[in-house]
Visitor: 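Below you will find the structure I want to go over with you.
First the proteins, then the strands, lettered A, B, ... as listed; each starts at 1. Any value given below was found using the heavy atoms of this structure, including those in side chains, with hydrogens, waters and symmetry copies removed. Note that the coordinates shown come from a computational prediction; the quantities given were computed from them, not determined experimentally.
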There are 2 protein chains.
Amino acid sequence: MSQSKRAELIRKSLLLFYRNGFHATGMDLVAKETGVSKTSIYKHFRTKEELILAVLRLRDENFRNWLYRRMEELADTPKGQLLSMFDALEEWFLEDNFQGCMFIKASAEFQDRDHAINAQAYAHKLLLADHLEELVLQAQLPDARNLARQLLILKEGAIVVAAMSHTAASAKEAKSIAGMLLAA
Amino acid sequence: MSQSKRAELIRKSLLLFYRNGFHATGMDLVAKETGVSKTSIYKHFRTKEELILAVLRLRDENFRNWLYRRMEELADTPKGQLLSMFDALEEWFLEDNFQGCMFIKASAEFQDRDHAINAQAYAHKLLLADHLEELVLQAQLPDARNLARQLLILKEGAIVVAAMSHTAASAKEAKSIAGMLLAA
DNA sequence: CTCTACATTAACTGATCTGTTAATATTTTA
DNA sequence: TAAAATATTAACAGATCAGTTAATGTAGAG
């Protein structure tokens, strides 16, 4: 399988898992929708779990790249970028195919903390927290670690509420809290 | 089936779904673990979905009752009760069997907004938001609706971070934000 | 005690699950 | 062009999925 076909398989699998859930999406459907035969899929991924892990790796890369870039585009100071994270989130919430955070959902479906999928989902959140902490440090705000964690709580809360309410209002509501936090 | 056996069935099913997830928990396992034959289960619940809905009704009742009572026990002013919600959450996070919010997980596994399970999960969050708004009003704080939604965002964010990180720290982190919100 | 109503067991649908096997293309390389 | 490596199809495991059927057991009421 060529590199590009493999990438396409992962990309299309991502959409299926994101839309339908992990357990609810069978490998027969993956084969049918990606156009790659099940035999070929299992030649490159030993198990469904390995395919899911590859999907999560792609999602992690895509999402963080997009978010970090968007934050930089929307503001040019570290503090401004932290605030504009919520503007970027709002754009995401307003997308037609917004279905919540794939990592929260992966963690919800694979709850065993020893499970590779659970661990990888959490790793994504740790990378986000690290990035936020770095920006907080650049903004020369006190208590960087704690502040970064608080911003992460706001982000996750806004995502969950947006996904469950099918509205984007939580982005602005979280942003105004973040404004208070960063002003202090 | 007696009323008590039916309640026991729902109670035990709740634990199974909470621990293993909805799709990942088969009805054969439910029958085995509850000690109620599959035939009997299907005499009282036409589908697995109806059983899940009954489980979510129980969870909604149990969880909100517990949370509201605990908030009242921990503080005697409306503002104090809003703050102590996060102390109650911390107690929950520290329980051995804490596995995140069942409604967030139900919403994640049944994403279709027209699905009864998704609607019921969201209804739980609306009831919580209403209760928070009422307390905010009693505390005579301005912008009650908006403030209640912000507190809900903090609550959901704290739960997600606690579940994914397997720690309870997010409770205090969220509480300190809530303290700022309510002081303003 | 007998009839009735309900509960239970266990086997059984037919579909779907993850993953495999064997034979048949198709492509890549020499 | 010939040989080697890879991809495909399609059928097949064996398990499990939600849900049903039919026969058996067991209770309470008359």
Visitor: Which residues satisfy the salt bridge (Lys or Arg N to Asp or Glu O under 4.0 Å) test with B:Glu61, sequence neighbours excluded?
Guide: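 Result, salt bridge (Lys or Arg N to Asp or Glu O under 4.0 Å) vs B:Glu61: none returned.
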
Visitor: Could you identify which residues of residues 50-59 of chain A place a heavy atom less than 4.0 Å from some atom of DNA chain C, listed by residue number, or say none?
Guide: none

Visitor: Show your reasoning for whether side chain to side chain donor-acceptor pair (under 3.5 Å) applies to A:Lys105 and B:Gln111.
Guide: CA-CA 10 Å; A:Lys105 297 196 287 188; B:Gln111 302 182 59; 2.6 Å; yes

Visitor: Would you list the pairs meeting salt bridge (charged side-chain N to carboxylate O under 4.0 Å, His left out) in which at least one residue belongs to residues 14-29 of chain B, sequence neighbours left out?
Guide: B:Asp28-B:Lys38

Visitor: CD1 of A:Ile41 versus P of D:dA10: gap in Å, rounded?
Guide: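 It is 15 Å, rounded to the nearest whole Å.
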
Visitor: Can you list every side chain to side chain donor-acceptor pair (under 3.5 Å) pair that touches residues 135-148 of chain A, not counting sequence neighbours?
Guide: A:Glu133-A:Arg145

Visitor: My understanding is that only residues two or more places apart in sequence, or in another chain, count here; which of them pass ring-ring contact (aromatic ring centres under 6.0 Å, His included) with A:Tyr18?
Guide: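 Result, ring-ring contact (aromatic ring centres under 6.0 Å, His included) vs A:Tyr18: none returned.
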
Visitor: Could you list the protein-to-nucleotides 14-21 of chain C atom pairs, N/O on both sides, closer than 3.5 Å?
Guide:
residue: C:dT18; atom: OP1; partner: A:Lys48; partner atom: NZ; Å: 2.5
residue: C:dT18; atom: OP2; partner: A:Met27; partner atom: N; Å: 2.7
residue: C:dG19; atom: OP2; partner: A:Tyr42; partner atom: OH; Å: 3.2
residue: C:dG19; atom: OP2; partner: A:Lys48; partner atom: N; Å: 2.7
residue: C:dG19; atom: N7; partner: A:Lys38; partner atom: NZ; Å: 2.9
residue: C:dG19; atom: O6; partner: A:Lys38; partner atom: NZ; Å: 2.4
residue: C:dT21; atom: O4; partner: A:Thr39; partner atom: OG1; Å: 3.3

Visitor: In a table with atom names and distances, give each donor-acceptor pair under 3.5 Å that connects a side chain of residues 172-183 of chain A to protein atoms at least two apart or in another chain.
Guide:
residue: A:Lys172; atom: NZ; partner: A:Glu90; partner atom: OE1; Å: 3.2
residue: A:Lys172; atom: NZ; partner: A:Glu90; partner atom: OE2; Å: 2.7
residue: A:Lys175; atom: NZ; partner: A:Asp87; partner atom: OD1; Å: 3.1
residue: A:Lys175; atom: NZ; partner: A:Asp87; partner atom: OD2; Å: 2.8
residue: A:Ser176; atom: OG; partner: A:Glu173; partner atom: O; Å: 3.2
residue: A:Ser176; atom: OG; partner: B:Gln150; partner atom: NE2; Å: 2.6

Visitor: Could you pull out all residues at least two apart from A:Phe98 that satisfy ring-ring contact (aromatic ring centres under 6.0 Å, His included)?
Guide: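 In terms of ring-ring contact (aromatic ring centres under 6.0 Å, His included), with neighbours along the sequence ignored, A:Phe98 is linked to A:Trp92, A:Phe93.
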
Visitor: Could you tell me how far apart A:Lys43 (NZ) and D:dT8 (P) are, to the nearest whole angstrom?
Guide: 9 Å

Visitor: Taking only residues two or more places apart in sequence or in another chain, which ones pass ring-ring contact (aromatic ring centres under 6.0 Å, His included) with B:Phe22?
Guide: B:Phe17, B:Phe110

